[in-house]
2 protein chains.
Amino acid sequence: MAETPYVPTRIRALPSWLLGRAAARGHRLVADALAREGMRMMHHAVLSAVAELGPVSQADLGRSLSIDPKDMVMIVNDLVAEELVTRAPDPRDRRKNAVTISPTGTRTLRRTQKLGDAANAELTAALSPAERDQLIDLLTRIAAPGLDDRCS
Amino acid sequence: MAETPYVPTRIRALPSWLLGRAAARGHRLVADALAREGMRMMHHAVLSAVAELGPVSQADLGRSLSIDPKDMVMIVNDLVAEELVTRAPDPRDRRKNAVTISPTGTRTLRRTQKLGDAANAELTAALSPAERDQLIDLLTRIAAPGLDDRCS
DNA sequence: CAGAATTCATTGGCTGCCCCAATGTTTTTT
DNA sequence: AAAAAACATTGGGGCAGCCAATGAATTCTG
């Protein structure tokens, strides 16, 4: 008995609640997939951003990915320890660290990106390609805090 | 200089990443709103579910909202301490606790529901009503782990 | 009907993400 | 030259999610 604990709780129709549940599932899928390469989600995100942005300061990385400076230090620490990136003082601005991806990092990234993409495909498996695009569009507009940064 | 740290990082186009960011903003908005009544998000969700489901066991609440039994214990502890719900042994099954909303809980819920709805309106302010409905639909299908519970 | 399996509430612990404050160094602004 | 800001770092805290183990109560099964 009581086979379906499905009840249309009022909460479950709220965007904030659905976002939380969907994000939790997404995180679970991606984290599990990346774990097969010994990689964690935020680490993979930072590694990917470093690959795109070239030598980049931790502050810029943090702004680009909305990661706290403190957490960024830890993540880059780990990535350096695994020799996926290098951290060297920026000669043009000695406050900054120039974070650069290493050849090993590039190879690792290629693998983890595949895993991440596969996990995202599984996450959105119930959606048609058009629906997936629209979801991305809607989420982008909702997640955006930085569209009206200085509207005054 | 460096006015826009906006860079189309590959990561930022992934559903899993966008979900995380959007969920974080939703949580921030809702949590801040509910905090004005001294309420926290999960507590409000449980209170709302209790109001809908009547006297209900903690296990059913947990299944309905995907909350871990451990966390449910803590939440109901808090709600009982604030006299928003009562927790009494179920006479028909003495393993279960019958959780019931109190008159105070009903009044509080009325206020916190308004705050939660307002926060969700702000969260989805950039969307038209139709887009908001579609977002809810897409998220429901993505978040759903319980659609194929016993497909075998 | 007696033993096995399950369910329930509870306790304990562990990880990840997010946020804030303070410090010393370096750069930029005034 | 002094003040203000940015950067990397250290430290601390809160909240959400997840898993393991336990004892009591119920249901299933032989």
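Scope of the values below: all heavy atoms of this structure, side chains included, with no hydrogens, waters or symmetry mates. Letters A, B, ... are given to chains in the order of the sequence lines, protein chains preceding strands, and every chain is numbered from 1. Nothing here was measured: the structure is a model prediction, and the numbers come from that model.
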Query raised in the report: Nearest to the side chain of S57(B), which nucleotide is it out of dA25(D), dA9(C), dT27(C)?
Result: dA9(C)
Query raised in the report: Taking CG from D68(A) and C1' from dT9(D), how many angstroms apart are they, rounded to a whole number?
Result: 11 Å
Requested in this report: Kindly point out which of dC18(D), dC15(D), dC8(C) is positioned nearest to the side chain of R40(B)?
Outcome: dC15(D)
Query raised in the report: When the distance from CG of L29(A) to P of dG17(D) is rounded to whole Å, what number comes out?
Result: 15 Å
Report task. Tell me what A24(A) touches on the nucleic acid: a base, only sugar-phosphate, or nothing, going by heavy atoms under 4.0 Å. Result -> nothing
Requested in this report: May I ask you to say what D93(A) touches in the nucleic acid, namely base, sugar-phosphate or nothing, with a heavy-atom cut-off under 4.0 Å?
Outcome: sugar-phosphate
Query raised in the report: In whole angstroms, how far is the P atom of dT27(D) from the CG atom of D90(B)?
Result: 11 Å
Query - Side-chain donor/acceptor of N120(B) to backbone N/O of G116(B), under 3.5 Å - result: yes
Query raised in the report: Would you say R12(A)'s side chain and S64(B)'s backbone share a donor-acceptor pair under 3.5 angstrom?
Result: yes
Query raised in the report: Under the criterion side chain to side chain contact (heavy atoms under 4.5 Å, CB included), which of T108(B), V99(B), L84(B) is the partner of L79(B)?
Result: L84(B)
Query - salt_bridge(D78(B), R40(B)) N-O dist < 4.0 Å - result: yes
Query raised in the report: When the nearest nucleotide of DNA chain D is assigned to P91(B) and to M41(B) on a heavy-atom basis, which residue is associated with the more 5' position?
Result: M41(B)
Query - 5' precedence on DNA chain D between R92(B) and I67(B) (nearest-nucleotide basis) - result: I67(B)
Query raised in the report: Roughly how many Å is it from CG in L19(B) to P in dG16(C), rounded to a whole number?
Result: 20 Å
Query raised in the report: Quick one: do R141(B) and D137(B) make a salt bridge, cutoff under 4.0 Å?
Result: yes
Query raised in the report: Any side-chain N or O of R94(A) under 4.0 Å from OP1/OP2 of dT25(C)?
Result: no
Query raised in the report: Does a side-chain N-to-carboxylate-O contact under 4.0 Å join D117(B) and K114(B)?
Result: no
Query raised in the report: Under 4.0 Å between a side-chain N/O of R25(B) and OP1 or OP2 of dC17(C), yes or no?
Result: no
Report summary line: Ranking dA8(D), dC8(C), dA5(D) by distance to the side chain of R95(B), first place goes to dC8(C)
Report summary line: Between CG of L65(A) and P of dC19(C) the distance, given in whole Å, is 14 Å
Query raised in the report: Would you say the side-chain atoms of R10(A) and S48(B) include a donor-acceptor pair closer than 3.5 Å?
Result: no
Query raised in the report: Could you give the NZ-to-P distance, from K96(B) to dT26(D), as a whole number of Å?
Result: 11 Å
Requested in this report: Would you mind classifying the nucleic acid contact of R87(A) as base, sugar-phosphate or nothing, using non-hydrogen atoms under 4.0 angstrom?
Outcome: sugar-phosphate
**Report entry** Separation of dG16(C) C1' from D32(A) CG (nearest whole Å)
**Finding:** 13 Å
Query raised in the report: Does a nitrogen or oxygen in the side chain of Q58(A) sit under 4.0 Å from OP1 or OP2 of dT9(D)?
Result: yes
Report summary line: Within residues 70-82 of chain A, those residues having any heavy atom closer than 4.0 Å to DNA chain D are K70(A), V73(A)
Query raised in the report: Between H27(A) and dC17(C), is there a side-chain N or O to OP1/OP2 distance below 4.0 Å?
Result: yes
Requested in this report: Compare side-chain N and O positions of R63(A) against OP1 and OP2 of dC7(D) and report whether any pair is under 4.0 Å apart.
Outcome: yes
Requested in this report: Taking only the side-chain heavy atoms of R21(B) (C-beta and beyond), determine which of dC18(C), dG16(C), dC15(D) contains the nearest atom.
Outcome: dC18(C)
Report task. Please determine, for the side chain of N97(B), which listed nucleotide (dT26(C), dC8(C), dT10(C)) has the closest atom? Result -> dT10(C)
Query raised in the report: Does K70(B) pair with D68(B) as a salt bridge, N-O distance under 4.0 Å?
Result: no
